[in-house]
Amino acid sequence: MDTPPPRNHYTTLSLPPSLFSSGLTPEEIKQTLKKSYRRALLAHHPDKSTTSSPSVTIDEITLAYTTLSTPSLRQAHDLSLSSSGSGPAALGRHKLQTGIETIDLDDLTHHEGEEEDEWYKPCRCGNPKGFLVHESDLEEAANGGLEEVVVGCQDCSLWLRVVFGVVVQDQDQEGETPEQKKGETPAAERR
């Protein structure tokens with residue numbers, strides 16, 4: 001008799017652990033998360049459930065949705081699942097491999113995208129963009145007071161800690177940067 005997989009945010013929302021590496025666009029992933037969240041709320045709502053004690057609470061469903069919708073929270077959740085042997089790699093089609101390497105953002109290949117910049121590094125599993133960091137991931141971490149992001153390979157269970165520095169431009173009393181005084185566009189505004 002098969003035992004059910006351990007409960008985590010993926011199983012709470014009945015999502016495959018490979019959702020974020022499935023090749024779907026960010027918008028498609030967002031829509032899939034919303035549908036799964038609503039489906040789980042309906043299935044476990046106290047007024048609609050036929051069981052006297054639901055197996056999953058509304059709070060657990062909301063926490064699962066919030067965690068999987070926020071990249072930094074999802075990364076931390078996936079990392080904790082990987083270390084316990086029940087993460088996306090263990091629940092999905094991949095053999096569990098543990099390991100985390102720390103690397104500087106400058107050591108990744110940089111690509112200026114139309115919408116946002118991205119940095120990537122090939123993984124030893126063979127994916128040329130296995131470790132992919134978007135500009136929005138860096139901004140979210142920096143806004144949270146962090147100077148690192150932890151990113152998992154899109155095809156295996158390896159992890160990469162990417163450290164970066166936040167550069168604050170000097171401004172004079174009028175609020176202008178040195179580039180603005182010279183008539184140049186600041187680097188942060190160039191696009």
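Residue indices begin at 1 and follow the sequence shown.
Under the 4.5 Å side-chain criterion, counting only non-hydrogen atoms from C-beta, His44 is not in contact with Thr57. With a 4.5 Å cut-off on side-chain heavy atoms, Thr32 and Lys35 do not count as touching. Between Val133 and Tyr120, the closest side-chain pair of non-hydrogen atoms is not below 4.5 Å. For the pair Glu140 and Leu138, the minimum side-chain heavy-atom distance is 4.5 Å or more. Contact check for Cys125 versus Cys153: side-chain heavy atoms found under the 4.5 Å cut-off. Side chains of Ile29 and Gln31 form no contact here, defined as non-hydrogen atoms less than 4.5 Å apart. Annotation: side chain of Arg38 is not in contact with side chain of Tyr65 (no heavy-atom distance under 4.5 Å). Within the 4.5 Å cutoff, side-chain heavy atoms of Thr62 are placed close to those of Tyr37.
Of all heavy-atom pairs between Leu13 and Ser36, the closest is O-CB, 3.4 Å. Asp117 approaches His110 most closely through the heavy-atom pair OD2-NE2, 3.1 Å. Minimum heavy-atom separation, Thr12 to Ala40: O-CB, 4.1 Å.
Note: Cys123 SG to Lys129 NZ = 15.0 Å, rounded to the nearest 0.5 Å. Within the model, atoms CZ of Arg39 and CG of Leu15 stand 8.0 Å from one another, a figure rounded to the nearest 0.5 Å. Between the NE2 atom in His77 and the OG1 atom in Thr66 there is a gap of 12.5 Å [rounded to 0.5 Å].
Two different hydrophobic clusters hold Leu73 and Val151 under the rule that ILVMFWY side chains link at heavy-atom gaps under 4.5 Å. No chain of hydrophobic side-chain contacts below 4.5 Å, direct or via other Ile, Leu, Val, Met, Phe, Trp or Tyr residues, connects Val163 to Leu108. Clustering ILVMFWY residues whenever any of their side-chain heavy atoms sit less than 4.5 angstrom apart, transitively, puts Val56 in a cluster other than the one holding Leu63. Follow the hydrophobic side-chain contacts under 4.5 Å out from Leu68 and you never reach Leu132; the two are in separate clusters. A single hydrophobic cluster is seen to contain both Phe164 and Leu160, as judged by linkage of ILVMFWY side chains at heavy-atom distances under 4.5 Å, directly or through other members.
A donor-acceptor pair is defined here as one N or O able to donate and one able to accept, closer than 3.5 Å; no such pair exists between the side chain of Glu147 and the backbone of Ala142. Side-chain N or O atoms of Glu148 include none that pairs as donor or acceptor with a backbone N or O of Val162 at under 3.5 Å. Remark: side-chain polar atoms of Thr11 are paired, donor with acceptor, to backbone N or O of Asn8 under 3.5 angstrom. Asp107 places no side-chain N or O within 3.5 Å of a backbone atom of Ile103 that could act as its donor or acceptor partner.
Of the options Thr102, Leu79, Val149, a side chain to side chain contact (heavy atoms under 4.5 Å, CB included) to Arg161 is made by Thr102 and by none of the others. Shown are Glu116, Glu115, Glu118; of these, the side chain to side chain donor-acceptor pair (under 3.5 Å) with Ser136 is made only by Glu116.
Scored by the ring pair (Phe, Tyr, Trp, His ring centres under 6.0 Å) test, Phe131 finds no partners at all (sequence neighbours excluded). Here His111 pairs with nothing under the ring pair (Phe, Tyr, Trp, His ring centres under 6.0 Å) rule; sequence neighbours left out.
By the 4.0 Å N-to-carboxylate-O rule, Glu101 lies close enough to Lys121 to be salt-bridged with it.
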